[in-house]
Structure formats: C-alpha cells, structure tokens
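Letters go in sequence order (proteins before strands), and every chain restarts at 1.
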Protein chains: 2
Amino acid sequence: MRISARADYAVRAALELAAAGDEVSLKAEAIAAAQGIPHKFLEGILGDLRRGGLVVSQRGGKGGYRLARPADSIAIAEVIRVADGPLVSVRGVRPPELSYRGPAEPLLPLWIAVRANVRKILGEVTLAHVAAARLPDDVLSLAADPEAWTNP
Amino acid sequence: MRISARADYAVRAALELAAAGDEVSLKAEAIAAAQGIPHKFLEGILGDLRRGGLVVSQRGGKGGYRLARPADSIAIAEVIRVADGPLVSVRGVRPPELSYRGPAEPLLPLWIAVRANVRKILGEVTLAHVAAARLPDDVLSLAADPEAWTNP
DNA sequence: CATTTCCCTAGTAATCCGATAGGAAAACCA
DNA sequence: TGGTTTTCCTATCGGATTACTAGGGAAATG
C-alpha cells in the first residue's frame, strides 16, 4: 500500500496553509521551499486543490494561496482525494468495483475492512489537528505502541 | 493508497494454493486460468514467493507449486511483503524513515497510526481464513457497516 | 508599464504493468 | 534411453503512470 508523492506533498502544502492562518496567502515558491517540494510539481498540485475547492488563489505581487475553508473542517482524506483520487484502490480500481472468483472471493470484504479502517483515521483527522500537533486520542494511542514504529 | 497488481495477484495465487490443500501441487498455468492472471507475470510472482520461503515448487510432469507452511500460519501481510515489499510506504519509503518539518511534523505519527491499523487487519487474517470464507469477527464487523461499501 | 505570481500546455526520464520469446534444468513416462 | 512436461532464468518491449521540468501566457500589484 503506497501513498504517492502527490498525496504526501498535497497534505504537506495544505498544512503550511493551515499553519499560516485563514488570512495570510502563501506563495507556491514559499511552500515549496518550506517543505522541500519541487516548485513546479507543487504548482500543479495546488491547481488541483484549487479546482477541488480546497484552496483559493490570487495572482500578482501580493498573490498566493490560502485555504478556502477553516482548517478544522478539512480532513486529511479530503486533501488526498482531491489531489490523488480514491483513498484506497486495488490495481487502480476502488474496492466495490472489484470482483473475485473461487477462494479469493472473501478478499473483497477484506479490502473493504482495510479501507474502512484507513477512512476512520484519515477522515477524522483534520488539517487543524496536525498543524496544531494535537492528534485525536484514538490516533495517538495507535501511535503510542512502540511496536508500531518497528519494521517487521 | 494503492494496492499494486503484484500484491493482489500474489495473494490470490496463494489463496488458490491454500484452497488446494497442502498435498496437492498446482501448475502456474492452472492458477493463472483460475484467477484470470497473466500467466508469465504470475510465474515471476511465484518465483518471489518461492525465494521468500512461502511456497515450494517442483518441476516436471507432476510438478507445480504448493504452500511451504500450513495455510493458517501465513498471514496476508506476509504474502504482500514477500511479493511487493513493505506493507505501507510513503513515496516508496517506510514511515519510520520519513522526516517532516514545520507544521507537517505530526504527519509521521499519523502515518504510523495508519500503518498500525492496516497491520492489525492484514497481520491477523491468514490464507486459511480467506480461503475458508471465515474472516475473524473484528474484520467482519468492519465490513458489515453498509457505509464501508459506498464510495465518498 | 514592469514585476510578480498564478496558470496552462508540453515534454521527459524512470518505473510499473502486462505480454512475449527463447531456452536451460529438472522431473516424469514410456 | 528419449521425449514430454513444467519450472526457471533472462531479456525485451510497448503502453501507462509517476514524478518531475521548461516555457510562456494571463492577471494582479505598485
């Protein structure tokens, strides 16, 4: 299960905007420098966020980007969907569109369960949570287990 | 979060072997036909599973592949790791190797929590569970929610 | 009007997906 | 022993996707 560079960059850019506050506009170049994201690549991602209604932009000398809505009303899942498509996919298709045969049939409810679990976290955590370093308790308790930090 | 074709195919092939039982050998061509997987692509995947110690192979007329261990001792997570690398990665690197700056810093514990949740499911469910269509209760209850089956 | 910044289109290099091809090694059968 | 089957190894190849890069046009500011 791979989280793409697009998705990671989109969330980090949105977090910079959330941290800056609703009033201030940040330039793409400033976000790129702050997060170490290739500038032109980021411009394309910010365009997607704008078309998706998550950020608003302004050109010119005092231009830049800012969030279109309060940071505590934007879930991480939303940012990923707008920038990168479906939250969870198998071979590029969403679980409900899959069809399995024979002994692989119960694989469908399994992927559904995995997706539900991912949604539960990324749909609950908002930009405000992360930018303020105040993750919800259920997320914190998952991350508190030292075993969660080890590679198998 | 994308599950690759390799991972999906590897699990389905392993499920065919689990359903066939420990005694019987299945030919790559038979698995490919049963699951609708490109035959030569599958051969490569089965080679990885063999080198990873999950299946054993035999050449010749009565040859084929079978599981190296009982199906109830092989978790889905294991199959995915052997065939496709780390279970969860961000931009191709595992969460513990990530480093974030500024307001994106708490993104690391967030990915860790997501991974822990995915692990909990895919590390608990075995080939035997799926092949016998008897998923553990906690997985079933996640998949029982009708909302888990809808796309956002 | 000149600078800044967003915005759009194209292009590129690397990887992934899936298919194909040729053949060596090993096991079976007659 | 010889012939068949099947794994096993290498190699290639085109199309799609990913992660970028380049260049320039459009709008806002001073």
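Electrostatic pairing of B/Glu78 and B/Arg81 does not count as a salt bridge here, judged by no charged N lying under 4.0 Å from a carboxylate O.
Remark: P of D/dC20 and CG of A/Asp84 are 13 Å apart, rounded to the nearest angstrom. Rounded to an integer number of Å, the gap from CD1 of A/Ile45 to C1' of C/dC8 is 16 Å. As rounded to whole Å, 12 Å separates atom P of C/dG18 from atom CG of B/Leu42. Nucleotide D/dT10 holds its P atom 13 Å from the CG atom of B/Asp48, rounded to whole Å. Rounded to a whole Å, the CG atom of B/Leu46 is 12 Å from the P atom of D/dC9. Remark: P of C/dT20 and CD of B/Glu29 are 12 Å apart, rounded to the nearest angstrom. Distance, B/Met1 CE to D/dT18 P: 15 Å, rounded to whole Å. Straight-line distance from the CZ atom of A/Arg51 to the P atom of C/dC7: 9 Å, rounded to whole Å.
Mapping A/Gly61 and A/Lys40 onto DNA chain D by nearest heavy atom places A/Lys40 closer to the 5' end of the strand. Nearest-nucleotide positions on DNA chain D for A/Lys62 and A/Ile3 put A/Ile3 closer to the 5' end.
A sub-4.0 Å separation between OP1 or OP2 of D/dC20 and a side-chain N or O of A/Tyr9 is present. Regarding contacts with the backbone of C/dT4, every side-chain N or O of A/Gln58 stays at 4.0 angstrom or more from both OP1 and OP2. Residue A/Arg2 places none of its side-chain N or O atoms closer than 4.0 Å to OP1 or OP2 of D/dT17. Note on B/Lys27: a side-chain N or O is less than 4.0 Å away from OP1 or OP2 of D/dT6. Checking the phosphate oxygens (OP1, OP2) of D/dA16, no side-chain nitrogen or oxygen of A/Arg91 falls inside 4.0 Å.
When each of C/dC6, D/dC8, D/dG30 is scored by its nearest atom to the side-chain atoms of A/Tyr65, the top-ranked nucleotide is C/dC6. Side chain of B/Arg6, nearest nucleotide from C/dC17, C/dT5, C/dC28: C/dC17. Side chain of A/Ser57, nearest nucleotide from C/dG18, C/dC7, C/dC17: C/dC7. In this structure, the nucleotide among C/dA27, C/dC17, D/dT21 sitting nearest to the side chain of A/Pro38 is D/dT21. Distance from the side chain of B/Phe41 is smallest to C/dC17 among C/dC17, D/dT7, C/dC6. In this structure, the nucleotide among C/dC6, D/dT7, C/dA27 sitting nearest to the side chain of A/Ala28 is C/dC6.
Under 3.5 Å, the side chain of B/Arg59 and the base of D/dT7 form at least one donor-acceptor pair of N or O atoms. The base of C/dC6 lies outside donor-acceptor range of the side chain of A/Glu43, with no N or O pair under 3.5 Å.
When hydrophobic clusters are built by joining Ile, Leu, Val, Met, Phe, Trp and Tyr residues whose side-chain heavy atoms come closer than 4.5 Å, directly or via intermediates, A/Leu87 is grouped together with A/Val93. Linking Ile, Leu, Val, Met, Phe, Trp and Tyr whenever their side-chain heavy atoms come within less than 4.5 Å puts B/Leu140 and A/Leu107 in one cluster.
Remark: B/Asn151 CG is packed, more than 12 non-hydrogen atoms of other residues, nucleotides or ligands lying under 6.0 Å away. Atom CZ of A/Arg134 is surrounded by 12 or fewer heavy atoms from other residues, nucleotides or ligands within 6.0 Å. Environment of CD in A/Glu147: sparse, with no more than 12 heavy atoms of neighbouring residues, nucleotides or ligands closer than 6.0 Å.
Here A/Gly44 lies out of heavy-atom contact (under 4.0 Å) with every strand.
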